[in-house]
Structure formats: structure tokens, C-alpha cells
Engineer: 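My structure is below; once you've seen it, I'll send some questions.
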Amino acid sequence: MDKKLFRGLLLLITFTVLLILVIVKFDVLWGAVASVLTVCRPLFIGLAIAFVLTKPCAFFRCHLDRLLAGTALKKAVIPLAVTLSYLLLFGVVAAVFSFVLPQLVGSIGRFASNLEGYVGQAQVWINDLTAWLHLEELDLSRLDQVLRDLFNSALAALSNAVPQLVSLTSNLVSIVVTGVLALVFSIYMLSGKDRLLAQCRRVLRAYTPPKVCRMVLEVTALTAGTFSKFVTGQITEACILGGLTFAGMVLLRLDYPLLIAVLIGVSALVPIVGAYVGAFTSALLLAMIDPMKAVIFLLFLVCLQQFEGNVIYPRVVGTSLGLPGIWVLAAVTIGGGLFSFLGMLLSVPVASILYTLLRQDVHRRLDGM
């Protein structure tokens with residue numbers, strides 16, 4: 001038998017056996033994969049932290065290179081850049097917890113204290129609606145007490161759960177160890193990024209054919225660029241949109257400015273779907289106080305998002321990811337259905353990478369015909 005034919009048959013048989021094994025023992029294999037992923041969780045978290053801090057580290061490194069050029073501190077440029085990047089990260093986290101969180105809790109407490117008035121207003125609306133539709137009147141007099149009982153039960157359960165969580169020393173130690181290991185991994189990855197990338201390239205060239213090596217390097221560069229652009233763009237857009245929302249609501253004297261600004265900013269991290277969810281939830285909160293305020297807020301938010309999307313976003317983020325709108329919506333829907341909130345966040349850059357690779361392959365094949 002011809003060697004090439006024999007090799008092809010052997011590969012086909014091996015692939016068939018492996019496919020049958022995966023189908024039959026899928027639960028066992030998935031459990032093994034999940035165990036490996038759990039063990040490698042600090043590594044993945046550290047990689048994510050290092051990836052987010054890559055841009056700030058490069059910024060500090062560029063300026064430190066020019067500032068310390070020709071001095072004795074030239075060799076300390078990378079450690080200083082990494083240190084400044086983590087100080088920036090810790091500063092942002094501390095600012096969120098010390099400034100935003102207390103005001104956010106205050107806004108939520110104000111909403112809870114006004115719950116009875118909101119229920120009364122909702123009762124008036126329902127009575128008007130039922131009278132207009134000639135339906136039986138719906139009584140919401142007990143809804144306020146039901147909501148308060150649910151709220152108190154949630155607080156009681158939380159207060160009872162906190163001592164139990166604290167008593168579980170093993171879980172607490174595991175969380176602390178995971179966080180420390182992730183932080184250490186991220187520091188090593190960020191400080192030794194150039195050497196790690198060079199080592200990966202050497203290993204790839206040593207063990208793969210030149211064509212495969214070139215393809216892997218191209219896909220890796222495309223993936224890193226797409227994710228970096230997406231993460232930077234989404235975080236910048238969320239901060240700008242949240243800040244402008246807060247400023248506009250203060251000028252318009254609308255209620256819950258900080259609470260709604262944080263809600264709009266966080267929801268902006270999810271493409272397409274997040275804008276509608278944040279706008280609907282915020283308008284519902286304002287409608288409980290005054291329907292006219294909800295209408296004013298929606299008009300303001302529509303104008304703000306048009307201005308932010310057409311003027312600010314292109315200047316801050318640059319060109320788009322190159323993914324058509326229909327595929328963005330499909331990616332968010334499928335990613336959210338399969339992997340919940342994390343899938344909604346990461347589905348757009350992943351879909352953009354696959355779309356770009358498919359487009360390049362189609363063009364290459366058509367040009368070769």
C-alpha cells in the first residue's frame with residue numbers, strides 16, 4: 001500500500017476513534033477539563049490582569065525611557081513601569097470603593113425608603129388603566145409589605161450568611177491564595193512579557209513547520225490586538241458615558257444621578273443589549289417618581305448615546321472591530337446563552353476574530369482561483 005494512503009487511513013481511523021471516545025465519555029472528559037481549568041484559575045486571572053495593564057505599562061515605560069535615558073536608573077525602567085501600573089490599578093479600585101460605593105449604597109437606601117410612595121403611584125396608574133379598560137380594579141395595598149418582607153428577609157439571610165462564610169476558613173484561604181497567586185503571576189507576566197513572548201516564538205519555530213508557525217503568529221497577533229482594542233474601548237466608553245450621564249442628570253435635576261450613572265456605565269460594557277437594559281431599568285426607577293422625568297431622561301440618554309457613539313467613541317477607540325451589526329447581535333445572543341454575562345462580554349471580540357480570519361481566507365481562495 002502507498003505510504004501516503006496508509007498515513008491518511010491511519011489518521012482517519014485515529015480521528016474516528018477519538019471522536020467516538022469524546023462522544024461516549026463526554027461527561028468524564030468535561031469533568032477532567034473543568035478540574036484542570038480550576039487548578040489553572042490563578043494563571044488565567046493573572047493573565048487577564050496583565051493583559052488589562054499592558055497598555056498602562058507600555059505608556060509608563062515609553063515616558064520613563066525618555067525621562068531616564070542616559071542615567072543610572074535606565075535599567076529600572078521596566079520595574080518602575082510595572083509598579084506604576086499596579087499603583088494605578090489599586091488607586092482606581094480604592095477610588096471606586098471609597099467614593100462611588102458609599103454614594104451608590106445611599107442611592108439604593110433612598111430608593112428603598114421611598115418604596116411605599118412608588119407602590120402608591122403604581123396603584124394610581126393601575127387604577128386609571130383598569131378604569132380606562134373597564135377591568136376589575138387590582139389592589140396593590142399589600143405589595144409594599146410583601147416587598148419590604150422580601151427585602152428584610154434578604155438582609156437577614158445575608159447577615160446570617162456572613163458569619164458562616166467567615167467561619168469557612170478553607171474557602172477564605174483558597175480565595176486569598178488564588179488572589180495572591182494571580183497577582184504574582186500577573187507581575188511576572190507583565191515584567192517579563194518580552195522574554196516570555198520571545199521564548200514562545202522560539203518553541204513554536206522549533207516544533208512546528210514554518211507555515212504553521214507563521215499562521216499561529218498571525219492569529220495570535222490578531223487576537224491580542226482585537227482583545228486589547230475591545231477592552232480599552234469598552235472601558236473608556238463606559239467611563240465616559242457614565243460620567244456624562246451623571247453630569248447631565250445633575251444639570252437636569254433628576255433623581256438617583258450616581259446610581260443611574262453607574263448602571264449606565266456598567267451596562268455599556270455589554271455591546272448593543274447593555275444600552276437597552278440600562279436605559280429601561282433607569283427609566284423605570286425614574287418613572288416611579290415622575291413619568292415626565294423618565295421621558296426627559298430617555299430623551300437625554302438617546303441624544304447622549306448618539307453624541308458619544310458618533311463623536312467620542314470613534315476618536316477614543318479608533319476604527320471599529322470590523323464586525324457587521326447583525327453578527328454583533330448574534331454573537332452577544334449566543335455568547336450570553338452559552339456562557340451568561342462573561343459570554344456576552346467576550347463574544348464580540350471572539351466573533352470579530354473569526355470573522356476576520358474567514359474573510360481573509362475567502363479573499364485568499366478567490367484570488368487563487
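Side chains included, hydrogens not; waters and symmetry mates left out as well; all remaining heavy atoms used. Keep in mind that what you see is a predicted model, and the values were worked out from it rather than measured.
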Engineer: Please go through Tyr207's hydrophobic cluster and name the other residues, only I, L, V, M, F, W, Y counting, with side-chain heavy atoms under 4.5 Å joining them.
Structural biologist: Val203
Engineer: Which atom pair, heavy atoms only, marks the closest approach of Ala50 to Leu190?
Structural biologist: O-CD1, 3.6 Å
Engineer: Treat each ILVMFWY residue as a node, draw an edge where side-chain heavy atoms are under 4.5 Å apart, and state whether Leu197 and Val219 are in one component.
Structural biologist: no
Engineer: Measure across Ala238 and Gly265 and return the closest heavy-atom pair with its distance rounded to 0.1 Å.
Structural biologist: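 Ala238 and Gly265 have their closest heavy atoms at CB-O, 3.1 Å.
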Engineer: Going hydrophobic residue to hydrophobic residue with side-chain gaps under 4.5 angstrom, can you get from Ile264 over to Ile296?
Structural biologist: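 They do share one cluster, since a chain of ILVMFWY contacts under 4.5 Å joins Ile264 to Ile296.
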Engineer: Only counting residues at least two apart or in another chain, list the ones meeting ring pair (Phe, Tyr, Trp, His ring centres under 6.0 Å) with Phe59.
Structural biologist: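 With neighbours one apart ignored, the set is His63.
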Engineer: To the nearest 0.5 Å, what is the distance between CG (Leu244) and CZ (Phe300)?
Structural biologist: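 It comes to 7.0 Å.
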Engineer: Say you draw a straight line from CG of Leu217 to SG of Cys200; how long is it, rounded to the nearest 0.5 Å?
Structural biologist: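 The CG atom of Leu217 sits 10.0 Å away from the SG atom of Cys200.
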Engineer: Linking I/L/V/M/F/W/Y whenever their side-chain heavy atoms sit closer than 4.5 Å, directly or via other members, would Val302 and Leu251 fall into one cluster?
Structural biologist: no
Engineer: Please round to the nearest 0.5 Å and tell me the distance separating atom CG of Leu196 and atom CZ of Arg201.
Structural biologist: 11.0 Å
Engineer: Could you walk me through whether Thr208 and Val216 satisfy the side-chain contact (heavy atoms from CB on, under 4.5 Å) test, starting with their C-alpha distance in whole Å, then the side-chain angles of each, then the deciding distance to 0.1 Å, before giving a yes or no?
Structural biologist: CA-CA 10 Å; Thr208 58; Val216 171; over 6 Å; no
Engineer: Where is the tightest heavy-atom contact between Val250 and Pro257, given as atom of each residue plus distance?
Structural biologist: CG2-CB, 4.1 Å
Engineer: Rounded to the nearest 0.5 Å, how far does CG of Leu222 lie from CD of Gln360?
Structural biologist: 6.5 Å
Engineer: Assess the residue pair Val350 and Phe227 against the criterion (side-chain contact (heavy atoms from CB on, under 4.5 Å)); give the C-alpha distance rounded to whole Å, side-chain angles, the decisive distance to 0.1 Å, and a yes or no.
Structural biologist: CA-CA 8 Å; Val350 171; Phe227 269 91; 3.8 Å; yes
Engineer: With a 4.5 Å cut-off on side-chain heavy-atom distances among I, L, V, M, F, W and Y, is there a chain of contacts connecting Phe297 to Leu263?
Structural biologist: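 Different hydrophobic clusters.
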Engineer: Please check if the side chain of Thr54 supplies one atom and the backbone of Phe51 the other of a donor-acceptor pair under 3.5 Å.
Structural biologist: yes
Engineer: Report the distance from atom CG of Leu304 to atom OG1 of Thr245, rounding to the nearest 0.5 Å.
Structural biologist: 5.0 Å
Engineer: Are Val266 and Phe246 linked, directly or through other ILVMFWY residues, by side chains that come within less than 4.5 angstrom of each other?
Structural biologist: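 Yes, same cluster.
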Engineer: Using the rule given for side-chain contact (heavy atoms from CB on, under 4.5 Å), can you reason through Leu47 versus Phe185, listing the C-alpha separation, both sets of side-chain angles and the distance that settles it, and then say yes or no?
Structural biologist: CA-CA 7 Å; Leu47 179 61; Phe185 276 131; over 6 Å; no
Engineer: Can you check whether Pro349's main-chain N or O pairs, donor with acceptor, with Ser352's side chain at less than 3.5 Å?
Structural biologist: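 No; zero donor-acceptor contacts below 3.5 Å.
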Engineer: Under the criterion side-chain contact (heavy atoms from CB on, under 4.5 Å), I'd like the reasoning laid out for Leu183 against Tyr86: C-alpha separation, chi angles, the key distance, then a yes or no.
Structural biologist: CA-CA 10 Å; Leu183 188 62; Tyr86 280 93; 3.6 Å; yes
Engineer: For Ala81 versus Leu64, what's the shortest heavy-atom pair and its separation?
Structural biologist: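 That would be N-CD1, 3.7 Å.
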Engineer: Taking salt bridge (charged side-chain N to carboxylate O under 4.0 Å, His left out) as the test, write out the residues that go with Arg61, two or more places apart.
Structural biologist: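 Expected list: Asp194.
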Engineer: Report the distance from atom CE of Met249 to atom CD1 of Ile260, rounding to the nearest 0.5 Å.
Structural biologist: 3.5 Å
Engineer: Looking only at heavy atoms, what is the nearest atom pair of Ser186 and Gly46, with distance?
Structural biologist: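 Scanning both residues, the minimum pair turns out to be CB-O, 3.2 Å.
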Engineer: Would a distance-only check, ignoring hydrogens and angles, find a side-chain to backbone donor-acceptor pair under 3.5 Å from Ser282 to Ala279?
Structural biologist: no
Engineer: Could you tell me which non-hydrogen atom of Ser85 sits nearest to which non-hydrogen atom of Cys57, and how far apart they are?
Structural biologist: OG-CA, 3.1 Å
